[in-house]
Amino acid sequence: MSRTNAAEYTDERAGTAPLATIDFARLEQRNFGEIARLLKACTTHGFFYLDFSGSTRARGIVEDKEKVLQFMKGYFAQPFNVKMEDHRNIRTRGFIPVGTFTGVDKGSKECFEHLALARDELIQPSGVVPRAIENQRELFERYLGLNDYATTTILTILSDVFDVDDTARFERHHRANETSDTILAMLSYPSDGTTHNKHTDIGSLTILFSHEWGLQVVAPETGNWEFVEPRSDHAIINVGDVLRFLSGKKLNSCLHRVVRATGKYETPHRYSLAFLLRPKDTLRISDVEDKTISAKEWHDRKYEIYAASHDEQETNEVLTGGMEKVLARL
Ligand SMILES: O=C(O)CCC(=O)C(=O)O
Ligand SMILES: [Fe+2]
């Protein structure tokens with residue numbers, strides 16, 4: 001059994017992860033100490049809290065996140081057949097019902113439903129946008145714009161830190177006008193289920209908000225699962241596979257999952273909102289097996305493995321982006 005399956009605690013015995021809190025305004029000012037803290041967080045947990053409160057340009061993200069969460073509560077409370085009107089028979093767009101992906105426990109399916117809005121589809125005049133989102137287009141455009149600004153700022157700093165050549169700079173691969181699989185994923189976990197299997201994120205950076213317990217991350221020091229404390233005023237940022245690959249595997253993309261916590265961290269009906277930044281489809285990357293493939297191919301392989309049986313998931317390192325091996329070496 002792999003090490004990250006060893007500690008299965010879903011109660012207070014798991015403890016909470018000691019994640020750093022990074023100040024976004026200080027990053028905007030290129031504060032040397034804050035950049036050093038960012039780099040430390042990205043090379044250890046690959047997860048950190050981001051505090052936007054000091055940033056004139058970005059602080060509105062927290063207020064808008066509340067509005068999107070309110071939208072989600074209304075959306076997911078609708079009858080199943082109404083939500084299925086936004087189902088498109090694909091795993092990456094529109095409404096995706098419970099049971100599409102593989103769950104935490106062997107042989108189980110995950111337990112969350114979600115609505116996935118592609119940035120490209122929101123931007124393009126011919127893009128398919130669920131009617132409920134169309135009715136609040138201004139909010140979603142503004143929210144995606146703020147997420148774009150925040151992730152571009154972080155990628156720009158990391159390009160500087162790694163002294164990346166001009167044409168290879170990380171932020172250049174993530175421009176909103178180039179086709180990508182960047183999505184806003186809105187997830188709803190019913191209180192009698194709540195599972196999302198362990199994985200690393202496909203793309204470059206994720207900006208996540210949730211007010212409820214349930215998210216766990218593997219501690220890089222011990223290989224044990226720990227809870228990520230929910231904070232309503234901070235975002236949770238994590239490094240995805242592609243950014244890890246682009247950094248020459250110097251950055252970590254820690255394994256995470258969602259469980260139904262009991263005891264002190266009990267999980268009620270859980271909502272989470274994830275901006276999943278992915279690079280342009282045509283970007284060439286060196287993947288987990290050091291094979292050169294396109295970002296689009298990597299994306300498709302990940303979605304296949306998210307839905308594969310547990311036995312199949314264990315046959316390669318796609319699900320965990322190679323991080324399980326890294327964590328086992330620590
Ligand atoms: O629901 C969460 O907190 C995590 C969601 C997640 O890991 C994902 O969408 O990739
Ligand atoms: Fe994730």
Side-chain angles (χ1 to χ4, degrees), residues 4 10 14 16-17 19 45-50 65 68-69 72-73 76 91-98 100-104 110-119 147 151 181-191 193-218 225-232 234-244 251-261 265 267-278 298-299 301-307 313 318-324:
T4 52
T10 59
T16 55
L19 303 183
H45 271 98
F47 261 72
F48 56 91
Y49 294 106
L50 193 57
K65 159 279 281 190
V68 178
L69 283 173
M72 288 166 57
K73 287 179 186 166
F76 289 110
R91 298 188 192 117
T92 56
R93 298 284 185 275
F95 175 72
I96 298 120
V98 167
T100 303
F101 302 103
T102 305
V104 172
E110 49 58 27
C111 196
F112 62 89
E113 50 185 5
H114 79 287
L115 183 63
L117 170 68
R119 180 171 67 182
N147 279 271
T151 48
D181 246 304
T182 295
I183 61 169
L184 183 65
M186 291 163 264
L187 297 86
S188 167
Y189 296 81
S191 52
T194 315
T195 70
H196 193 145
N197 194 19
K198 67 177 178 186
H199 65 282
T200 50
D201 287 354
I202 298 169
S204 304
L205 284 170
T206 300
I207 299 191
L208 179 83
F209 283 103
S210 180
H211 294 178
E212 293 87 25
W213 290 93
L215 178 64
Q216 290 189 321
V217 61
V218 170
W225 288 106
E226 293 179 331
F227 281 102
V228 176
E229 179 200 354
R231 295 186 184 170
S232 57
H234 292 163
I236 297 158
I237 313 296
N238 71 301
V239 172
D241 296 328
V242 167
L243 186 54
R244 171 170 155 71
L251 301 184
N252 277 349
S253 169
C254 254
L255 277 183
H256 56 287
R257 66 179 188 182
V258 180
V259 294
R260 185 181 179 211
Y265 307 135
T267 318
H269 192 126
R270 183 171 189 277
Y271 297 91
S272 66
L273 174 58
F275 174 76
L276 297 156
L277 180 76
R278 290 153 182 174
W298 177 249
H299 171 273
R301 282 194 77 188
K302 286 285 278 198
Y303 267 97
E304 281 299 314
I305 210 80
Y306 284 166
Q313 288 179 342
V318 175
L319 182 70
T320 61
M323 278 306 300
E324 202 151 53

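Counting starts at 1 for both ligands and their atoms, following the listed order.
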For ligand 1, is any non-hydrogen atom under 4.0 Å from Ser272's backbone (N, CA, C, O), its side chain (CB onward), both, or neither? side chain
Logged contact type for Tyr189 with ligand 1, heavy-atom cut-off 4.0 Å, is side chain
Suppose we measure from atom 3 (O) of ligand 1 to each protein heavy atom; which comes out shortest, and what is that distance? Arg270 NH2, 2.8 Å
Charged N-O contact under 4.0 Å between Asp181 and Arg93: yes
Heavy-atom side-chain contact between Thr267 and Tyr189 under 4.5 Å: no
Looking only at heavy atoms, is any part of Leu208 under 4.0 Å from ligand 1, and if so is it the side chain, the backbone, or both, or is it neither? side chain
The atoms of ligand 1 lying under 4.0 Å from a heavy atom of Asp201, numbered in the order shown, are 10 (O)
Are a donor atom and an acceptor atom from the side chains of Lys302 and Thr200 found within less than 3.5 Å of each other? yes
Lys/Arg N to Asp/Glu carboxylate O, Glu304 vs Arg91, below 4.0 Å: yes
Asn238 versus His45, side-chain donor and acceptor atoms under 3.5 Å: no
Is any side-chain heavy atom of Ile202 closer than 4.5 Å to a side-chain heavy atom of His299? yes
Would you check whether His114 reaches within less than 4.0 Å of ligand 1, judged by its heavy atoms? no
Do any N or O atoms from the side chain of Thr195 and from the backbone of Cys111 form a donor-acceptor pair under 3.5 angstrom? yes
Return yes when Arg257 approaches ligand 1 closer than 4.0 angstrom through a heavy atom, no otherwise. no
Distance under 4.0 Å to a non-hydrogen atom of His256: what atoms of ligand 1 satisfy this? 7 (O)
Proximal candidate to atom 8 (C) of ligand 1 [heavy atom criterion; set Met186, Gln216, His196]: His196
I'd like to check whether His199 has a polar contact with ligand 1, where a contact means an N/O of the residue lying under 3.5 Å from an N/O of the ligand. yes
